[in-house]
Amino acid sequence: MEELKIQDEEKEPRSLNFIEEIIEDDIRNGVNEGRVHTRFPPEPNGYLHIGHAKSICLNFGLAKKYQGKTNLRFDDTNPVKEDTEYVDSIMEDVKWLGFDWEDRLFYASDYFEQIFEYAMILIRKEKAYVCDMTAEEMSETRGTPTRPGKESPFRTRSVEENLDLFTRMRHGEFPDGTRVLRARIDMASPNMQMRDPVLYRILHAHHHRTGDQWCIYPMYDFAHGQSDSIERITHSICTLEFEVHRPLYDWFIREIGIYVPRQIEFARLNMTYTVMSKRKLLELVQEGYVNGWDDPRMPTICGLRRRGFTPESIRNFTEIIGVAKRDNVIDVSLLEFCIRENLNKHANRLMAVLNPVKIIIDNYPDDQEEELESVNNPEDESQGKRKIPFSKTLFIEREDFMEEPPNKFFRLAPGREVRLKAAYIIKCENVVKDPITGIINEIHCTYDPMTKSGMPDSSRKVKGTLHWVSEKQAVKIEVRLYDRLFIKENPDDIEGDKTFKDYLNPDSLKVITAFAEPEVINAKIYEKYQFERIGYFSVDKDSTPQNLVFNRVVPLKDSWTKAEKVK
RNA sequence: UGACCCAUGGUGUAACGGCAGCACAAGAGAUUUUGGUUCUCUCGGCCCAGGUUCGAAUCCUGGUGGGUCAACCA
């Protein structure tokens with residue numbers, strides 16, 4: 001307790017973001033008796049992505065911070081685009097991120113009867129009318145941002161006629177697109193949203209929850225605010241593009257005369273080297289540029305999960321990026337920082353060689369094998385140690401040897417000594433090349449038996465330490481090396497007649513076979529490892545006992561190849 | 001050019017009228033049986049012009065720049 005107190009005092013609390021300030025103001029002023037109730041309101045028409053994660057963490061985080069509640073509500077007002085497949089994936093993703101809506105799972109479709117009643121109220125107040133114009137006519141008469149629109153000739157229909165027509169719309173007497181219900185507001189409003197927006201359209205479509213019960217469906221604008229009101233949401237947090245809709249929502253709420261939630265808009269998340277729009281992600285999936293929504297290159301939650309990101313790392317990311325109203329583009333390296341930080345602490349180490357070259361230790365007895373020991377995670381002693389077999393013939397990375405090394409090359413080269421991690425110090429004596437291609441087939445070394453890891457002589461200074469795998473015990477694994485999906489920082493910044501797809505990275509996936517130490521056979525699906533000196537890897541669900549598949553989550557920071565690239 | 005919104009290092013985000021700070025990125029060094037981690041340090045910012053004030057990143061006015069809005073999508 002005492003210790004906690006000290007920590008609290010020492011730890012400078014993060015300053016409030018603008019939403020927290022608003023909420024604390026409201027609490028201070030006794031708005032809603034200090035109650036805080038948020039909601040996450042996705043449309044079930046696609047998979048959630050990292051941008052949604054920002055919203056989810058915001059909504060659930062705020063409620064948690066202020067001892068409030070958060071609802072999960074599906075805004076399912078367009079049966080043509082929505083499906084239970086998406087409902088299921090969204091629930092899975094929210095849960096995986098670590099949030100719980102408890103018994104508060106709702107659907108806008110739960111409120112269809114109530115929303116219909118709201119429409120009837122507006123009609124009776126002469127605030128809504130049935131309009132017979134075609135979509136084209138409506139578009140033509142809407143005006144432009146600088147020119148007022150024209151009023152519909154149906155705007156003056158009597159309450160009785162509107163009531164009759166709207167009721168008959170509900171009962172399926174008219175085909176799709178023949179009539180709509182519109183609000184009667186102001187066709188000359190400088191805010192386009194207020195120019196008699198459509199409230200209800202006729203859609204003879206099967207709804208994933210209400211089935212064929214309805215053939216008219218409310219527009220999002222006529223359902224969203226009321227849904228928040230019905231759920232007595234105190235703070236309706238949404239993205240910036242709904243800012244101009246707020247006056248409309250307020251108008252509905254006021255005219256209908258129901259509980260008033262407070263809408264607060266924040267800037268959505270953008271990230272470098274990826275796209276975030278549902279439409280574009282759908283395109284990538286449908287046209288086969290990626291292997292489904294959960295392709296590890298996708299910015300979707302399920303993609304990130306499969307890639308090997310952890311919920312903690314994503315939650316931490318959304319905390320670090322902050323919340324504000326200005327447009328922003330987050331550098332993807334920040335996301336990478338978050339997963340590295342997380343996995344450095346929690347992923348056990350393993351040695352695996354991705355691009356092998358054979359090492360033969362000439363002075364090591366031919367048939368000898370020994371078991372060496374190494375810590376599983378130097379950042380977490382509680383993870384214990386493991387045994388690693390060592391023998392005369394080993395694999396190391398081809399990149400860890402150079403015949404004519406530059407100045408700063410700390411690895412193996414003719415006549416040079418390096419340490420084999422957790423094993424011995426070896427010295428390169430000579431190399432055997434393919435006589436035709438000149439490719440190195442074998443590197444012959446000698447080892448110093450007195451430098452076994454842990455022995456006094458092992459503390460001898462050598463320039464570098466290499467990871468390695470004993471050939472005989474090596475386990476072949478499939479490794480999927482993922483890189484950023486796009487080669488351009490902003491794929492939406494298109495030149496000429498190109499499309500965002502012209503900036504796809506042709507090398508975003510490379511599949512290779514690698515050799516790992518035998519410990520690898522214990523790897524379970526979704527388990528994370530650090531392949532020593534290479535990167536963090538996650539066991540893919542495609543894995544079988546015969547064929548383990550590892551996804552590269554992110555490479556380790558690497559100041560060597562970085563320095564080389566600069567040259 | 002109508003309404004609404006936004007403007008702080010390369011990126012993101014603080015400051016609530018009183019010394020512009022933090023994180024990522026970038027660069028240098030130390031430590032290291034991972035060229036990882038860790039630890040130092042460096043680089044670099046208030047869109048512009050007026051006004052209010054003893055004092056302005058902060059308040060006001062006007063510019064400039066950017067974004068959103070003209071689906072029977074959400």
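- When both pairing distances are held under 3.5 Å, B:U61 makes a Watson-Crick or G-U pair with B:A49.
- If you check B:G44 for Watson-Crick or wobble pairing at under 3.5 angstrom, you find it has no partner at all.
- In this entry the distance linking NZ of A:Lys421 with C1' of B:U37 reads 11 Å, nearest Å.
- Remark: B:A3 base-pairs with B:U68; criterion is Watson-Crick or G-U wobble with both hydrogen-bond distances under 3.5 Å.
- Among the atoms of the strands shown, base atoms are found under 4.0 Å from some heavy atom of A:Glu532.
- For B:A74, the OP1/OP2 oxygens have a side-chain nitrogen or oxygen of A:Thr77 closer than 4.0 Å.
- Using a 4.0 Å heavy-atom distance criterion, A:Phe337 is classed as a sugar-phosphate-only contact.
- Among the heavy atoms of the strands, none lies under 4.0 Å from A:Pro42.
- Across all strands shown, A:Gly454 has heavy atoms under 4.0 Å from base atoms, whether or not it also approaches the sugar-phosphate.
- Within 4.0 Å (heavy atoms only), A:Phe242 reaches at least one base atom of the nucleic acid.
- A salt bridge links A:Asp228 with A:Arg73: the closest approach of a Lys/Arg side-chain nitrogen to an acidic carboxylate oxygen falls below 4.0 angstrom.
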**Request:** With side-chain hydrogen bond (donor to acceptor under 3.5 Å, both in side chains) as the test, would you mind laying out the steps for A:Asn344 and A:Gln530 before giving the verdict?
**Result:** CA-CA 8 Å; A:Asn344 177 48; A:Gln530 183 197 107; 4.5 Å; no
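- Because its glycosidic torsion is more than 90° from 0, B:A49 is reported here as anti.
- As judged by a 4.0 angstrom heavy-atom cut-off over every strand, A:Met133 is placed among the base-contacting residues.
- Remark: A:Arg411 fails to qualify as a cation-pi partner of A:Phe401 under the 6.0 Å distance and 45° angle criteria applied to the six-membered ring.
- Residue contacts for A:Ala324: at a heavy-atom cut-off of 4.0 Å it reaches the sugar-phosphate backbone alone, with no base atom in range.
- For A:Lys562, a side-chain nitrogen or oxygen approaches OP1 or OP2 of B:G27 to under 4.0 Å.
- Within 4.0 Å (heavy atoms only), A:Lys461 reaches sugar-phosphate atoms of the nucleic acid but no base atom.
- Residue-level contact check: A:His467 touches neither bases nor backbone, having no heavy atom under 4.0 Å from any strand.
- Note that CZ of A:Arg201 and CZ of A:Arg182 are 15.0 Å apart. Values are rounded to the nearest 0.5 Å.
- Between A:Ser333 and B:U11 there is no side-chain polar atom (N or O) within less than 4.0 angstrom of OP1 or OP2.
- Here the separation of B:C46 from B:U13, taken at their C1' atoms, is 14 Å to the nearest Å.
- One donor-acceptor pair, N or O on each side, does fall under 3.5 Å between the base of B:U8 and the side chain of A:Arg326.
- Residue-to-nucleotide contacts include no donor-acceptor pair under 3.5 Å from the side chain of A:Arg340 to the base of B:G36.
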**Message:** Applying salt bridge (charged side-chain N to carboxylate O under 4.0 Å, His left out) to A:Lys387 and A:Glu371, what does each step give before you reach the verdict?
**Reply:** CA-CA 6 Å; A:Lys387 302 270 196 230; A:Glu371 296 237 285; 5.6 Å; no
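- Using a 4.0 Å heavy-atom cutoff across all strands shown, A:Met219 reaches sugar-phosphate atoms only and no base atom.
- Put simply, CG on A:Leu420 is 13 Å from C1' on B:U34, counting in whole angstrom units.
- Heavy atoms of A:Ser458 sit under 4.0 angstrom from at least one base atom.
- Side-chain to base pairing of A:Ser453 with B:U33: one donor and one acceptor N or O lie within less than 3.5 Å of each other.
- Note on A:Lys452: every side-chain N or O is 4.0 Å or more away from OP1 and OP2 of B:U33.
- Among B:G35, B:A70, B:G2, the nucleotide with an atom closest to any side-chain atom of A:Ser559 is B:G35.
- Residues A:Tyr107 and A:Phe74 bring their aromatic ring centres within 6.0 Å.
- OP1 or OP2 of B:C72 sits under 4.0 Å from a side-chain N or O of A:Arg142.
- As a whole-Å value, the separation of A:Leu334 CG from B:U13 P is 11 Å.
- In this structure, A:Val323 reaches the sugar-phosphate backbone alone: every heavy-atom distance under 4.0 Å involves primed, P, OP1 or OP2 atoms, never a base.
- Across B:C72, B:G12, B:A14, the shortest atom-to-atom separation from the side chain of A:Val180 is found for B:C72.
- When both distances must be under 3.5 Å, the Watson-Crick or G-U wobble mate of B:G35 does not exist.
- Pairing for B:A25 is absent, with no Watson-Crick or G-U wobble pair whose two atom distances lie under 3.5 Å.
- Atom CG in A:Asn348 sits about 15 Å away from atom C1' in B:U34, given to the nearest Å.
- Heavy-atom distances to RNA chain B give each of A:Arg411 and A:Leu203 a nearest nucleotide, and the one nearer the 5′ end belongs to A:Arg411.
- A:Thr77 OG1 to A:Leu203 CG: the interatomic distance, rounded to the nearest 0.5 Å, is 10.0 Å.
- Residue contacts for A:Val198: at a heavy-atom cut-off of 4.0 Å it reaches the sugar-phosphate backbone alone, with no base atom in range.
- Contact annotation: A:Arg349 side-chain N/O to B:U37 OP1/OP2 distance is not under 4.0 Å.
- Between the CE atom of A:Met192 and the P atom of B:A70 there is a distance of 7 Å, rounded to whole Å.
- Side-chain atoms of A:Glu379 stay outside donor-acceptor range of the base of B:U38, with no qualifying N/O pair under 3.5 Å.
- Under the Watson-Crick or G-U wobble criterion, with both distances below 3.5 Å, B:A20 has no partner in any strand shown.
- Atom CG of A:Asp380 and atom C1' of B:G36 are 16 Å apart (whole Å).
- Across all strands shown, A:Phe409 has heavy atoms under 4.0 Å from base atoms, whether or not it also approaches the sugar-phosphate.
- Phosphate contact (OP1/OP2 of B:C4, side-chain N/O of A:Arg246, threshold under 4.0 Å): absent.
- Here B:C73 presents its C1' atom at 18 Å from CZ of A:Phe74, a figure rounded to the nearest Å.
- Of the two residues contacting RNA chain B, namely A:Pro190 and A:Asp558, the nearest-nucleotide position lying further toward the 5' end is that of A:Pro190.
- Under the 4.0 Å criterion applied to side-chain N and carboxylate O atoms, A:Arg157 and A:Asp132 are assigned as salt-bridge partners.
- Closest approach to the A:Val244 side chain among B:C4, B:G35, B:A74 is made by B:C4 (side chain taken as heavy atoms from C-beta onward).
- For the atom pair OH (A:Tyr111) and CD1 (A:Ile115), the distance works out to 8.5 Å, reported to the nearest 0.5 Å.
- Under the 4.0 Å criterion applied to side-chain N and carboxylate O atoms, A:Arg533 and A:Asp558 are not assigned as salt-bridge partners.
- As rounded to whole Å, 12 Å separates atom P of B:A70 from atom CG of A:Leu248.
- Of the candidate nucleotides B:G12, B:G35, B:C6, B:G35 has the atom nearest to the side chain of A:Trp560.
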